[in-house]
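We count ligands from 1, going down the list as the structure has it; atoms in each ligand are counted the same way.
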Amino acid sequence: MTDDPLQEKRNRMVAQQLLDRGIRDPKVLRAMAEIPRHLFVPPAEQEEAYGDRPLPIGADQTISQPYIVALMTEQLGLKPEFRVLEIGTGSGYQAAVLARLVAQVYSIERIPELAAWAARRLESLGIRNVQTRVGDGSQGWHEAAPFDGILVTACAAELPEPLTQQLADGGRMVIPIGQAQRQTLMLIERRGDTFESHSICGCLFVPMKSG
Ligand code: SAH
């Protein structure tokens, strides 16, 4: 990708926004240096695509700030053979990052036009190990469960029960919990029928909507 004029911007994003703030997983850093984030935002936002902030992606939704994408991805402790569920496909950027790191990604989006744009982008980039579907992600993706990792990119008022049920034994889920301006990014780890939860940091996501 040396002929990509934006490679330098991506390298700077990785160095200043990720490495300098403690993201250490080399595979996460490499994936984010490679995925062309500017192609996941509307043309009017492309100049800003490598900035340290979330950006609008249409339909009143946002793509998360690069650091949050990296942090959530790193917290899942991914292995190449993993199958991962994402709730909130949005632009498809987070799904593209995950797709570099695991065998199969399943991603659910409730807004049909966002889901369609994301699927088209992923296809045009030759990313074939992401399956997308339109629906209410709080119900999970029963037929494809269990998942080694679940990454939720919309804030839920409480932990959705179907998602905990669809987490494999030993699996991890990263999910923002709370409401409006009071949200905490949580890491949930399943051991048998026990779920251990840790708070990672405060965060600000769009709300998870049901129905
Ligand atoms: N991961 C995305 C960012 C998504 S923003 C990216 O990388 O671009 C959160 C997304 O969650 C929005 O697109 C929103 O429509 C979606 N969403 C909200 N509630 C949902 C639900 N119940 N099921 C599926 N998607 C939902």
Side-chain angles (χ1 to χ4, degrees), residues 10 13 17-18 28 31-32 34-42 45-46 48-76 78 84-102 105-122 124-125 127 130-142 144-145 147 149-164 166 173-180 183 185 203-211:
R10 273 200 295 281
M13 170 190 87
Q17 299 176 39
L18 310 186
V28 175
M32 292 194 53
E34 287 174 4
I35 302 290
R37 181 172 160 95
H38 62 286
L39 299 182
F40 289 83
V41 300
E45 307 293 342
Q46 287 195 354
E48 298 297 319
Y50 297 99
D52 189 13
R53 65 189 74 85
L55 291 173
I57 53 171
D60 271 342
Q61 305 301 320
T62 55
I63 179 174
S64 300
Q65 165 191 20
Y67 173 71
I68 289 292
V69 173
L71 179 67
M72 293 176 83
T73 308
E74 186 175 62
Q75 291 287 327
L76 286 178
L78 299 172
V84 173
L85 174 68
E86 178 194 27
I87 309 304
T89 316
S91 68
Y93 177 70
Q94 173 76 72
V97 171
L98 291 169
R100 283 284 161 112
L101 303 173
V102 301
V105 179
Y106 299 84
S107 185
I108 308 176
E109 169 58 52
R110 64 179 285 277
I111 301 177
E113 63 263 39
L114 287 182
W117 293 336
R120 209 173 312 138
R121 275 185 194 114
L122 292 165
S124 71
L125 289 169
I127 298 172
V130 179
Q131 241 180 284
T132 56
R133 128 182 320 186
V134 177
D136 177 6
S138 66
Q139 299 307 306
W141 191 318
H142 184 71
F147 301 101
I150 299 181
L151 193 159
V152 183
T153 66
C155 183
E158 48 195 46
L159 200 55
E161 177 72 22
L163 297 185
T164 55
Q166 292 175 26
M173 170 164 31
V174 177
I175 178 169
I177 300 279
Q179 38 222 318
Q183 303 180 7
L185 191 61
C203 58
L204 196 53
F205 283 82
V206 297
M208 182 185 283
K209 297 195 176 159
S210 291

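- Side-chain contact check for S210 and Q139: no donor-acceptor pair (N or O, by modelled atom type) lies under 3.5 Å.
- The closest side-chain heavy-atom distance from L101 to L76 is not below 4.5 Å.
- Residues passing the ring-ring contact (aromatic ring centres under 6.0 Å, His included) test with W141, sequence neighbours excluded: Y106.
- On a distance-only criterion, I87 and ligand 1 share no N/O pair closer than 3.5 Å.
- Per-residue contacts place T89 under 4.0 angstrom from the following atoms of ligand 1 (heavy atoms of the residue considered): 1 (N), 2 (C), 6 (C), 8 (O).
- At least one N or O atom of K209, backbone or side chain, sits closer than 3.5 Å to an N or O atom of ligand 1.
- No donor-acceptor pair under 3.5 Å is formed between the side chain of S138 and the backbone N or O of P160.
- A donor-acceptor pair under 3.5 Å is formed between the side chain of Y50 and the backbone N or O of R37.
- Ligand 1 places these atoms under 4.0 Å from at least one heavy atom of I111: 15 (O).
- Counting atoms of ligand 1 from 1 in the listed order, those under 4.0 Å from a heavy atom of G135 are 23 (N), 24 (C).
- Interface atoms of ligand 1 facing S91, defined by a heavy-atom separation under 4.0 Å, are 6 (C), 7 (O), 8 (O).
- Taking only nitrogen or oxygen atoms, main chain and side chain alike, S64 does not reach within less than 3.5 Å of ligand 1.
- Close approach to I108 involves these atoms of ligand 1, each under 4.0 Å from a residue heavy atom: 24 (C), 25 (N).
- Where the criterion is an N or O separation shorter than 3.5 Å, residue side chain and backbone included, G88 meets it with respect to ligand 1.
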